[in-house]
Amino acid sequence: MTIDQLIDEVIAREGGYSNHPADRGGPTRWGVTQAVARQHGFDGDMRVFPRAEAVAIYRRLYWTAPNFVAVDLRAPALAAELFDTGVNMGPGVGARFLQRALNALNRGGRDYPDMAVDGRIGPATLAALDAFLASRGAAGERVLIKAVEALQGERYLALAESRPANEAFLYGWLANRIGSL
């Protein structure tokens, strides 16, 4: 899938305007919160937030900035998962999930060294990903996706347990974000 297709899927899943009372994000359109829209120069009513601006924000903040582009060159399905996770939880969270999974899957450092779990996809993360994929192949990409989704699912449960208002979203998070790509 291309980034344009991924963005179209996210926008379709997120829908149009929303202002759920339990959602700390407040007014949202196309999945972009008012706070994010304001940070990027939009000062109007979120009910009329342009789709084109949402697309530009998704591309810039959730694909290019976290360097999921580099992951896409190596493991496109994994990059798609990281993008979706980043949209829902923040791109640094998706990157940390990948780093944690790679660290745990390096067979005690025999395949490649542990890296800092800093939420940045840089040379160390990419070298670890390259080494992992070289030793595990296509099946390795599927395992990494499962690991990222497992971490994502655990985080959703923790969010619902720590704030009962989040229970309003838990079913949808699990149904639409885990194993949906």
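Only a predicted model underlies this, so the values are computations on that prediction, with no experimental measurement involved.
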Minimum heavy-atom distance L144-A101, with the two atoms named:
CD2-CB, 4.0 Å
Membership question, hydrophobic clusters at under 4.5 Å side-chain separation (ILVMFWY): are I7 and M1 in the same one?
yes
Do you know the tightest heavy-atom contact between F42 and P50?
CE1-CD, 3.7 Å
Counting only heavy atoms not in Y17 (residues, nucleotides, ligands), do more than 12 fall under 6.0 Å from its OH?
yes
Do L73 and I145 belong together in a cluster built from hydrophobic side chains that touch within less than 4.5 Å?
no
From CG (L151) to CZ (R96), nearest 0.5 Å:
11.5 Å
I'd like to know if the side chain of T2 and the backbone of Q5 have a donor-acceptor N/O pair within less than 3.5 Å.
yes
With sequence neighbours excluded, give me every salt bridge (Lys or Arg N to Asp or Glu O under 4.0 Å) pair touching residues 155-166.
none
Can you see which heavy atom on A54 is nearest to which on I11, and at what distance?
CB-CD1, 4.4 Å
If you round to the nearest 0.5 Å, how far is CZ of F49 from OG1 of T33?
9.0 Å
Between the NZ atom in K146 and the CD atom in E81, the distance rounded to the nearest 0.5 Å is 12.5 Å
Membership question, hydrophobic clusters at under 4.5 Å side-chain separation (ILVMFWY): are M89 and L157 in the same one?
yes
Any I3 side-chain heavy atom under 4.5 Å of F83 side chain:
yes
Shortest non-hydrogen separation from L6 to A80 and the atoms involved
CD2-CB, 3.6 Å
Please collect all side chain to side chain donor-acceptor pair (under 3.5 Å) contacts where either partner lies in residues 43-67, sequence neighbours excluded, each pair once.
D4-R59, D8-R51, H40-R60, D45-R47
My understanding is that only residues two or more places apart in sequence, or in another chain, count here; which of them pass side chain to side chain contact (heavy atoms under 4.5 Å, CB included) with L174?
Y156, L170, I178
Pair up each side-chain donor or acceptor in residues 133-142 with any protein partner under 3.5 Å, not counting sequence neighbours, and list the distances.
| unit_1 | atom_1 | unit_2 | atom_2 | d |
| --- | --- | --- | --- | --- |
| S135 | OG | A131 | O | 3.4 |
| S135 | OG | F132 | O | 3.1 |
| E141 | OE2 | A77 | N | 2.8 |
| E141 | OE2 | L78 | N | 2.9 |

Under a 4.5 Å side-chain heavy-atom rule over Ile, Leu, Val, Met, Phe, Trp and Tyr, are V117 and L126 clustered together?
no
Going from CD1 on I57 to CD on Q39, what distance comes out if it is rounded to the nearest 0.5 angstrom?
9.0 Å
How many angstroms lie between CZ in R100 and CG in L105, if you round to the nearest 0.5 Å?
11.5 Å
Contacts of R110 meeting side-chain hydrogen bond (donor to acceptor under 3.5 Å, both in side chains) (sequence neighbours excluded), chain-then-number -> none
Working note: D84 + V10, criterion side-chain contact (heavy atoms from CB on, under 4.5 Å); need CA distance, chi angles, decisive distance, verdict.
CA-CA 7 Å; D84 187 67; V10 164; 3.9 Å; yes
Calculate, to the nearest 0.5 Å, the distance between atoms CG and CZ belonging to N19 and R29 respectively.
13.5 Å
Run the side chain to side chain contact (heavy atoms under 4.5 Å, CB included) test against T125 and tell me which residues pass, sequence neighbours left out.
L98, Q99, L102, M115, I121
Looking at every heavy atom in both G119 and A95, which two are closest together, and how far apart are they?
O-CB, 3.4 Å
Exam field: side chain R107 to backbone Y112, donor-acceptor pair closer than 3.5 Å
no
